Amino acid sequence: MRAAIARRLPFSYGWVIVALAAMGGAFISGVTSWGLGVFVTPMQEELGWGRAAFFLPLAIGAVVAGVAGPLTGPLLDRRHGPLAWFLTGALTFSASLLALRWVEGLWAYYAWFGVVGGLGRYGLFTIRSVIPKWFIRRRGRAIAVIASGTSLGPLLFPAAIQALVEAVGWRDAWWVMGLISLTLLGPGSLLVARQPEDLGLAPEAPRTPSPTGLAEDEPAFTRRQALATPTFWLLVGAITLGTAGVRGLIPNLQPFFVEQGVPVRAASASFSVYALLSMSVAFAWGWWAERRGARIPFVTTCIWVTSSVGVLFLAHDAATAVLGMAYLGLALNGFFVLWQVFAPDVFGRTHYGAISGTLQPFNNAAIYGGPLVMGLAYDAGGYAAVFAAAGLLWAGATASAALVGKSAPPA
């Protein structure tokens with residue numbers, strides 16, 4: 001079926017994989033990051049949970065991904081591995097959202113949103129290890145499209161979830177999100193293919209000359225060889241610290257804005273402004289990486305986002321909230337685009353499934369552990385502690401990114 005579709009398309013089948021990755025990213029970022037803040041107040045008021053307890057399932061999911069990533073990463077380099085894992089992710093992620101309608105106690109919440117949801121979020125993320133196998137010369141653009149699609153999360157989900165919660169309550173809002181996720185992601189998972197060669201297609205031509213300074217033919221690091229390089233661990237440091245800082249901050253932004261006197265709908269609207277800008281500039285960051293290599297723009301985004309933490313902390317009304325989110329939107333998507341270009345550029349596409357399987361647990365730990373860290377910071381010192389922790393994490397990410405250099409191709 002996939003080969004027949006690929007032969008009839010007027011464009012590369014790789015863009016189908018990109019669209020699926022963007023759709024999965026939109027649901028994950030929309031429901032578990034940007035839209036999650038909408039659920040904070042009504043769920044805490046009804047169930048009486050603290051902020052750290054509310055965000056703990058995201059950290060549990062990070063542990064699940066931390067175990068699954070190194071074990072299943074090599075399977076992503078096999079013919080049917082990516083399809084199986086994306087389908088697993090679509091089913092378990094949707095099930096975790098549907099089940100939240102009936103949650104009463106913390107343990108059920110942790111089991112469904114933490115364990116089952118964590119497996120689902122990991123499964124949906126695995127498709128990103130396939131993208132470098134489909135794109136070489138246009139890798140920056142492909143990943144920019146995914147980042148732009150993921151930005152539909154903040155563009156659509158906070159306002160939609162806010163309207164749902166107001167109309168039917170938080171329980172039925174979870175149920176609706178689960179149904180939509182299952183309807184879109186389940187059938188779409190059957191279109192996943194590992195690489196063009198599996199469908200009888202030729203891979204994209206390499207870049208000439210290589211903008212990363214490497215040989216024209218991409219290197220082929222094995223996972224063991226990649227883990228032996230300082231570049232790998234410096235990338236891990238930059239990715240983990242930066243992602244933890246922003247993913248922990250995001251679910252706290254809406255309640256922070258509201259506490260500062262920003263109307264609820266204006267706070268949600270500021271996320272839409274962020275999304276529109278981040279969708280647009282993602283292509284600029286990807287184009288820069290394709291032309292000049294990813295390192296310098298990667299460091300630039302780290303510096304920019306570090307400064308945006310201070311800008312957001314100064315927001316005190318609707319206008320400054322919108323300005324702060326716009327400032328963040330100009331750079332944050334660049335961070336996520338660039339590390340996903342940099343890693344396969346340095347290590348190659350041949351064993352990237354195994355390599356990304358080792359990278360992904362750190363990324364997931366940051367995505368879902370960040371909110372727990374910020375929840376603990378909030379319980380200890382309020383929003384001042386939250387923004388201070390985010391600033392420190394991003395300062396560390398900037399330092400690690402600045403130290404990243406090229407690795408010589410393996411023998």
Side-chain angles (χ1 to χ4, degrees), residues 1-9 11-25 28 64-65 67-94 119-139 142-143 145-146 149 182 184-206 217-227 340-341 343-361 363-364 410:
M1 179 187 73
R2 292 168 298 170
I5 293 173
R7 285 193 296 269
R8 294 175 183 175
L9 289 176
F11 50 84
S12 168
Y13 191 83
W15 293 109
V16 174
I17 311 299
V18 166
L20 291 171
M23 188 188 305
I28 292 174
V64 172
V67 173
L71 294 177
T72 64
L75 299 178
L76 300 176
D77 293 318
R78 298 183 182 178
R79 187 179 183 92
H80 299 297
L83 188 156
W85 268 106
F86 191 79
L87 177 60
T88 299
L91 296 178
T92 52
F93 178 74
S94 301
L119 182 64
R121 294 186 289 271
Y122 169 75
L124 293 177
F125 265 120
T126 57
I127 194 174
R128 301 193 180 201
S129 68
V130 173
I131 303 303
K133 296 177 183 290
W134 281 90
F135 296 93
I136 301 173
R137 179 171 48 85
R138 294 177 293 177
R139 186 173 288 159
I143 295 175
V145 171
I146 295 172
L182 182 62
L184 294 178
L185 297 177
S189 63
L190 301 179
L191 298 174
V192 175
R194 177 189 59 164
Q195 60 190 27
E197 292 89 338
D198 292 347
L199 304 184
L201 304 173
E204 187 182 38
D217 294 329
E218 286 200 321
F221 281 82
T222 65
R223 179 164 65 177
R224 182 185 297 273
Q225 290 168 332
L227 266 61
Q340 293 177 81
V341 175
D345 273 4
V346 172
F347 301 121
R349 75 187 188 109
T350 306
H351 304 288
Y352 190 66
I355 293 169
S356 68
T358 305
L359 273 172
Q360 198 59 55
N363 187 45
N364 279 18

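Everything numeric here is computed off the predicted structure, so don't read it as measured data.
- With values rounded to the nearest 0.5 angstrom, L20 atom CG is found 8.5 Å from L185 atom CG.
- A distance-only check finds a donor-acceptor pair linking the side chain of R194 to the backbone of D77 [under 3.5 Å].
- A side-chain donor-acceptor contact under 3.5 Å links R79 to the backbone of D198.
- Between F135 and I143 there is no side-chain heavy-atom pair separated by less than 4.5 Å.
- Distance check, rounded to the nearest 0.5 Å: CG of L359 to OG of S129 gives 10.5 Å.
- A side-chain contact (heavy atoms from CB on, under 4.5 Å) with F86 is found for one member of L191, I17, L76, L124 and no other, namely L124.
- For P187, there are no side chain to side chain contact (heavy atoms under 4.5 Å, CB included) partners, not counting sequence neighbours.
- L184 CG to M23 CE: the interatomic distance, rounded to the nearest 0.5 Å, is 5.5 Å.
- With sequence neighbours left out, the ring-ring contact (aromatic ring centres under 6.0 Å, His included) criterion links F125 to no other residue.
- Contact between V130 and P82 at its shortest, heavy atoms only, is CG2-CB, 3.5 Å.
- Contact record, F221 with A226: CD2-N, 3.9 Å, taken as the closest heavy-atom pair.
- Note: W134 and Y13 have tilted aromatic rings, judged against thresholds of 30 and 60 degrees for the angle between ring planes.
- Contact between A6 and L201 at its shortest, heavy atoms only, is CB-CD1, 4.0 Å.
- Within the 4.5 Å cutoff, the side chain of V192 has no heavy atoms near those of the R2 side chain.
- G120 and T92 get closest at one heavy-atom pair: CA-OG1, 2.9 Å.
- Between atom CD of residue Q225 and atom CD1 of residue I355 there is a gap of 8.5 Å, rounded to the nearest 0.5 Å.
- Rounding to the nearest 0.5 Å gives a distance of 13.0 Å between CZ of F347 and CZ of R223.
- When atom types are taken as modelled, the side chain of R139 and the backbone of V341 share no donor-acceptor pair closer than 3.5 angstrom.
- One distance of note links CG of L87 with CD1 of I127; it measures 11.5 Å at 0.5 Å rounding.
- Qualifying side-chain hydrogen bond (donor to acceptor under 3.5 Å, both in side chains) partners for R128, counting only residues two or more places apart in sequence or in other chains: T150.
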